*Asks:* 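Structure in structure tokens, see below.
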2 protein chains.
Amino acid sequence: MKNCIQELRAARKWSQADLAEQLDVSRQTVNALERGRYDPSLPLAFRIARLFGVAIEDVFQP
Amino acid sequence: MKNCIQELRAARKWSQADLAEQLDVSRQTVNALERGRYDPSLPLAFRIARLFGVAIEDVFQP
DNA sequence: TGAAAATGTAAAGCGTGCTTGACATTCCTG
DNA sequence: CAGGAATGTCAAGCACGCTTTACATTTTCA
């Protein structure tokens, strides 16, 4: 499952640590998600989409 | 995280076993999801929404 | 250039998502 | 009413999501 978290984050000029704090996860989790090491849980996927103001389907692509 | 899997399934007159087969998960998983015992993985959430022809946000509510 | 910030990675540990197998209960319907 | 279908639930087991701690590498910029 691909995602464009890095692009959305970069567009806002946030560091991985900035994003992690807003999502209430660790910086390593943000890094792992951006690098495609694993998929987020559904609740985290909701928080991510909500933070960026887009639909889940706009952030993640199967 | 709430969901309306049961309503979507019932509207199609599918049994939990029917749905499980189409989603490629066990019947117990469908039952657990409908009863809110846990949330699905993101890939499974995508399969569920896609099967019902709706957005993930229409099936699951934080 | 050199120091600080940002990013990448690893290991160990905990909780959860999903499995199979089995069994109990409830619901249909012939 | 009887018997099968559908649903609910439990237990054991495996893989993954996320954590903390720690350290290496890359990037940025004064």
Side-chain angles (χ1 to χ4, degrees):
Chain A
M1 171 147 316
K2 287 212 167 298
N3 72 72
C4 54
I5 296 175
Q6 186 167 2
E7 288 76 359
L8 291 163
R9 174 179 65 82
R12 286 155 181 79
K13 300 194 172 160
W14 293 339
S15 68
Q16 291 181 346
D18 291 336
L19 177 55
E21 187 178 2
Q22 297 187 75
L23 292 173
D24 196 31
V25 294
S26 69
R27 179 182 67 81
Q28 285 83 343
T29 292
V30 167
N31 186 309
L33 293 177
E34 287 192 356
R35 303 198 51 90
R37 296 179 66 78
Y38 51 72
D39 298 320
S41 66
L42 187 57
L44 179 51
F46 265 87
R47 298 206 298 281
I48 293 170
R50 194 148 174 275
L51 179 62
F52 289 127
V54 300
I56 288 184
E57 283 86 349
D58 293 330
V59 186
F60 303 92
Q61 300 88 31
Chain B
M1 170 140 329
K2 287 210 166 302
N3 73 69
C4 54
I5 295 175
Q6 186 167 2
E7 287 78 357
L8 290 163
R9 174 178 66 80
R12 286 156 181 78
K13 300 193 172 161
W14 292 339
S15 68
Q16 291 181 349
D18 291 336
L19 178 55
E21 187 178 1
Q22 296 187 77
L23 292 173
D24 196 30
V25 293
S26 69
R27 178 182 67 81
Q28 287 85 339
T29 291
V30 168
N31 186 297
L33 293 177
E34 286 192 356
R35 304 198 51 88
R37 297 179 64 80
Y38 50 72
D39 298 318
S41 67
L42 188 56
L44 178 52
F46 265 86
R47 298 207 298 279
I48 293 170
R50 193 146 175 278
L51 179 61
F52 289 126
V54 300
I56 288 185
E57 284 86 350
D58 292 331
V59 186
F60 303 93
Q61 301 89 31

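This is a predicted model, so every value here is computed, not measured. Throughout, protein chains are lettered first and strands after them, A, B, ... in sequence-line order, and every chain is numbered starting at 1.
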*Asks:* Could you check how far CG of B:Asp24 sits from P of C:dG17, rounded to whole Å?
*Replies:*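 Taking CG of B:Asp24 and P of C:dG17, I get 18 Å after rounding.
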*Asks:* Roughly, in whole Å, what's the span from CD in A:Gln6 to C1' in C:dG8?
*Replies:*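 The answer, rounded to whole Å, is 12 Å.
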*Asks:* Of the candidate nucleotides C:dT19, D:dT19, D:dC10, which contains the atom at the shortest distance from the side chain of A:Tyr38?
*Replies:*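 For the A:Tyr38 side chain, the nearest candidate turns out to be D:dT19.
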*Asks:* A:Val59 and side-chain contact (heavy atoms from CB on, under 4.5 Å): which partner among A:Leu33, A:Leu51, A:Leu8?
*Replies:*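 Only one of A:Leu33, A:Leu51, A:Leu8 forms a side-chain contact (heavy atoms from CB on, under 4.5 Å) with A:Val59, namely A:Leu8.
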*Asks:* Does B:Asp39 reach the main-chain N or O of A:Pro43 with its side chain, forming a donor-acceptor pair under 3.5 Å?
*Replies:*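 It does not hold such a pair.
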*Asks:* For A:Gln28 and D:dA22, is the shortest distance between a side-chain N/O and OP1 or OP2 below 4.0 Å?
*Replies:*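 No, A:Gln28 has no side-chain N/O under 4.0 Å of OP1/OP2 on D:dA22.
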*Asks:* Under 4.0 Å between a side-chain N/O of A:Gln16 and OP1 or OP2 of C:dG8, yes or no?
*Replies:*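 Yes, A:Gln16 has a side-chain N/O under 4.0 Å of OP1/OP2 on C:dG8.
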*Asks:* Between A:Pro43 and A:Arg35, which has a closest nucleotide on DNA chain C that is more 5'?
*Replies:*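 Looking at the nearest nucleotide for each, A:Arg35 comes out on the 5' side.
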*Asks:* Would you mind classifying the nucleic acid contact of B:Arg47 as base, sugar-phosphate or nothing, using non-hydrogen atoms under 4.0 angstrom?
*Replies:*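 Nothing, no heavy atom under 4.0 Å.
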*Asks:* With DNA chain D as reference, determine whether B:Asp18 or B:Ser41 sits nearer its 5' end, using the nearest nucleotide of each.
*Replies:*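 This one resolves to B:Asp18.
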*Asks:* Between C:dT16 atom C1' and B:Leu33 atom CG, what is the distance in whole Å?
*Replies:*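 Those two atoms, CG and C1', are 12 Å apart.
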*Asks:* CG of A:Asn31 to CD1 of A:Ile5: how many Å apart, nearest 0.5 Å?
*Replies:*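 One gets 11.0 Å once the value is rounded to the nearest 0.5 Å.
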*Asks:* Could you state the CG-P distance from B:Leu19 to C:dC18, rounded to the nearest angstrom?
*Replies:*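 The answer, rounded to whole Å, is 13 Å.
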*Asks:* Whole-Å distance between D:dG17 P and A:Glu34 CD?
*Replies:*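 Value for this atom pair: 16 Å.
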*Asks:* Hey, could you give me the CG/CZ distance between A:Leu42 and B:Phe46, rounded to the nearest 0.5 Å?
*Replies:*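 A:Leu42 atom CG to B:Phe46 atom CZ measures 9.5 Å (nearest 0.5 Å).
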*Asks:* Whole angstrom is fine here: how far is it from CD1 in B:Ile5 over to P in D:dT7?
*Replies:*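 For the pair B:Ile5 CD1 and D:dT7 P, the rounded distance is 14 Å.
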*Asks:* Is the shortest side-chain N/O distance from B:Asn31 to OP1 or OP2 of D:dT7 below 4.0 Å?
*Replies:*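 Looking at the OP1 and OP2 atoms of D:dT7, neither is under 4.0 Å from any side-chain N or O of B:Asn31.
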*Asks:* Please report the closest heavy-atom contact between B:Glu57 and B:Gln61, naming both atoms and the distance.
*Replies:*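 For B:Glu57 and B:Gln61, the tightest heavy-atom pair comes out as O-NE2, 4.2 Å.
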*Asks:* Whole Å only: how far is the CZ atom of B:Arg9 from the P atom of D:dA6?
*Replies:*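 In whole Å, D:dA6 P and B:Arg9 CZ are 10 Å from each other.
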*Asks:* Calculate the interatomic distance between B:Leu42 atom CG and D:dC18 atom P; express it in whole Å.
*Replies:*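 Distance check: B:Leu42 CG to D:dC18 P gives 10 Å.
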*Asks:* Report yes or no: is there a donor-acceptor pair, N or O only, under 3.5 Å between the side chain of A:Arg27 and the base of C:dG8?
*Replies:*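 Side chain to base: pair found, below 3.5 Å.
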*Asks:* Is A:Ser26 near enough to D:dC18 that one of its side-chain N or O atoms lies under 4.0 angstrom from OP1 or OP2?
*Replies:*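 Indeed not, no polar side-chain atom of A:Ser26 lies that close.
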*Asks:* Output yes when at least one side-chain N/O atom of A:Ser15 is less than 4.0 Å from OP1 or OP2 of C:dA5, else no.
*Replies:*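 A:Ser15 to C:dA5 OP1/OP2: no side-chain N or O under 4.0 Å.
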